[in-house]
Number of protein chains: 2
Amino acid sequence: MKRLHFERLMRYHRVLTDWAVASDVVASEHLAKHCGVDPTQVRKDLAALGLRGKPSVGFTGATVLAAIRERLGLDTLKGAVIVGSGRMARALADYPLFSVCGLAVVAIFDDDIEATGEVVAGASLYPLKALPRECRRLGVRLGIITPSRSATPKEAMQALVEAGVRAIWNFTPATLVAPPGVLVRDEQLSVDLAELAYAVRDVPEAR
Amino acid sequence: MKRLHFERLMRYHRVLTDWAVASDVVASEHLAKHCGVDPTQVRKDLAALGLRGKPSVGFTGATVLAAIRERLGLDTLKGAVIVGSGRMARALADYPLFSVCGLAVVAIFDDDIEATGEVVAGASLYPLKALPRECRRLGVRLGIITPSRSATPKEAMQALVEAGVRAIWNFTPATLVAPPGVLVRDEQLSVDLAELAYAVRDVPEAR
DNA sequence: TAGATTGTTAATCGATTAACAATC
DNA sequence: TAGATTGTTAATCGATTAACAATC
């Protein structure tokens with residue numbers, strides 16, 4: 001199976017979605033230009049999805065969109081839980097882009113007394129000890145760790161792993177060592193920030 | 001000037017920071033292993049920072065840390081403003097990792113009536129029309145766009161550009177076309193999410 | 001048919017990794 | 001000196017881009 005390039009595919013997806021006229025025909029050259037990608041690359045990516053274009057015509061926008069959503073599973077609704085109930089958790093719980101990917105935050109866990117019982121963006125807040133029960137009941141396989149006042153990131157990871165979660169998205173600064181079979185991805189906002197800050201530092205290079 | 005690889009440098013930075021004993025000597029092999037990087041790569045990256053290791057000894061942790069912070073400007077305090085006062089804005093305003101990069105959110109702008117006048121994580125909330133004045137007064141060059149009920153992402157970008165901001169970090173789903181001279185970076189959480197979701201989809205490949 | 005755009009092969013480019021003499 | 005680890009050059013690898021015959 002060819003390795004997929006998520007970033008490019010999601011870029012095609014976004015651009016095609018922006019074009020309400022996605023049912024129209026689009027040439028690789030055209031899509032490429034708007035995505036900042038080489039036309040040949042577009043054709044290869046689409047070929048990897050099993051799509052065939054018509055010579056002298058192009059690809060059908062709607063078909064491309066559907067193929068991306070199908071292959072990436074964007075239409076399959078996936079439940080995720082969040083550990084931590086702070087600002088990051090609340091922001092992620094109803095982050096607009098998530099629904100595009102078929103992600104729904106189904107529950108939030110934290111032992112923060114003030115917060116327990118609350119409902120955030122449709123997700124109920126439970127104490128941490130309810131995590132295994134709820135996760136198994138809902139068949140959740142994706143966990144998100146955010147800063148919490150009552151649980152360390154490591155404790156959060158342990159709870160998620162015991163609950164059968166297979167992939168963890170870490171928004172805390174902690175370095176988490178994943179047990180075998182569990183995928184941990186650190187969201188390194190600081191990396192992007194560092195790049196941006198570096199770009200605007202004094203005396204930019206000419207052109 | 002050699003092109004810097006921000007992701008690796010920030011990874012070295014994080015690992016060395018985790019090791020409280022950063023003053024100790026560290027071999028490229030050791031650092032490489034903990035960062036999931038090739039040892040030769042580590043030596044090249046450090047060489048690009050102007051660092052020299054001692055054969056048969058290694059590099060001094062504290063020196064490496066200092067060189068990374070110096071080159072990336074992590075110790076230079078940079079002010080940033082946020083447009084939008086929703087949950088994402090609040091989460092970012094006191095995101096713990098930002099201070100590591102020398103970033104401080106100095107003001108938040110939005111025309112949301114309920115929110116105006118509030119103070120979030122030390123940053124005051126102003127109406128959008130105060131943006132040019134405040135940005136120029138504070139010499140801000142970095143702007144962050146988050147979802148807002150009263151301003152579209154495009155309007156937010158225009159306001160920031162007019163205020164002299166040179167780099168924009170976009171957390172909304174909107175596709176922003178940057179005017180020349182302005183760097184726009186889209187934070188594509190959905191790309192990472194799509195990858196994670198793809199990884200936990202049914203019937204994972206063996207091993 | 002002429003013109004446009006595809007799919008695919010070959011060439012290029014850059015980044016990663018291996019090898020090893022130099023050095024502490 | 002022997003052993004360890006560096007800096008750097010050469011080899012490998014994979015990804016991107018160019019070229020072009022095939023096709024609508």
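Just so it is clear: chains get the letters A, B, ... in the order the sequence lines come, proteins before strands, and each one is counted from 1.
Between R11(B) and E7(B), at least one side-chain nitrogen of the basic residue sits less than 4.0 Å from a carboxylate oxygen of the acidic one, meeting the salt-bridge criterion.
Residue contacts shown for A47(B) are absent, as no nucleic acid heavy atom lies under 4.0 Å away.
D112(B) and S150(B) share no donor-acceptor pair across their side chains, judged by distance under 3.5 Å alone.
The distance between atom CG of L51(A) and atom C1' of dT5(C), rounded to the nearest whole Å, is 16 Å. With rounding to whole Å, L46(B) atom CG is found 8 Å from dG7(D) atom P. Look at CG on L49(B): it is 12 Å from P on dG7(D), rounded to the nearest Å.
R185(B) is not listed as a side-chain neighbour of N170(B), based on a closest heavy-atom distance of 4.5 Å or more. No side-chain heavy atom of V165(B) sits less than 4.5 Å from a side-chain heavy atom of L142(B). Side-chain contact between L183(A) and R166(A) is absent, with no heavy-atom pair separated by less than 4.5 Å.
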(request) Could you run through nucleotides 12-24 of chain C and give me one letter per nucleotide, 5' to 3': B if any protein heavy atom sits under 4.0 Å from the base, S if only the sugar-phosphate is that close, - if neither? (result) ----SBBB---BB

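Stem list for DNA chain D (at least 3 consecutive Watson-Crick or G-U pairs, distances under 3.5 Å): C:3-24 with D:3-24.
Of all non-hydrogen atoms in A163(B) and L131(B), the two that sit nearest each other are CB-CD2, 3.4 Å.
Relative orientation of the F98(A) and W169(A) rings is tilted, given thresholds of 30° and 60° on the angle between their planes.
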(message) Go through it in stages, so that I can follow the logic: the residues are D111(A) and R149(A), the test is salt bridge (Lys or Arg N to Asp or Glu O under 4.0 Å), and I'd like the CA-CA distance, side-chain angles, deciding distance and then a yes or no.
(response) CA-CA 8 Å; D111(A) 286 334; R149(A) 271 185 286 177; over 6 Å; no

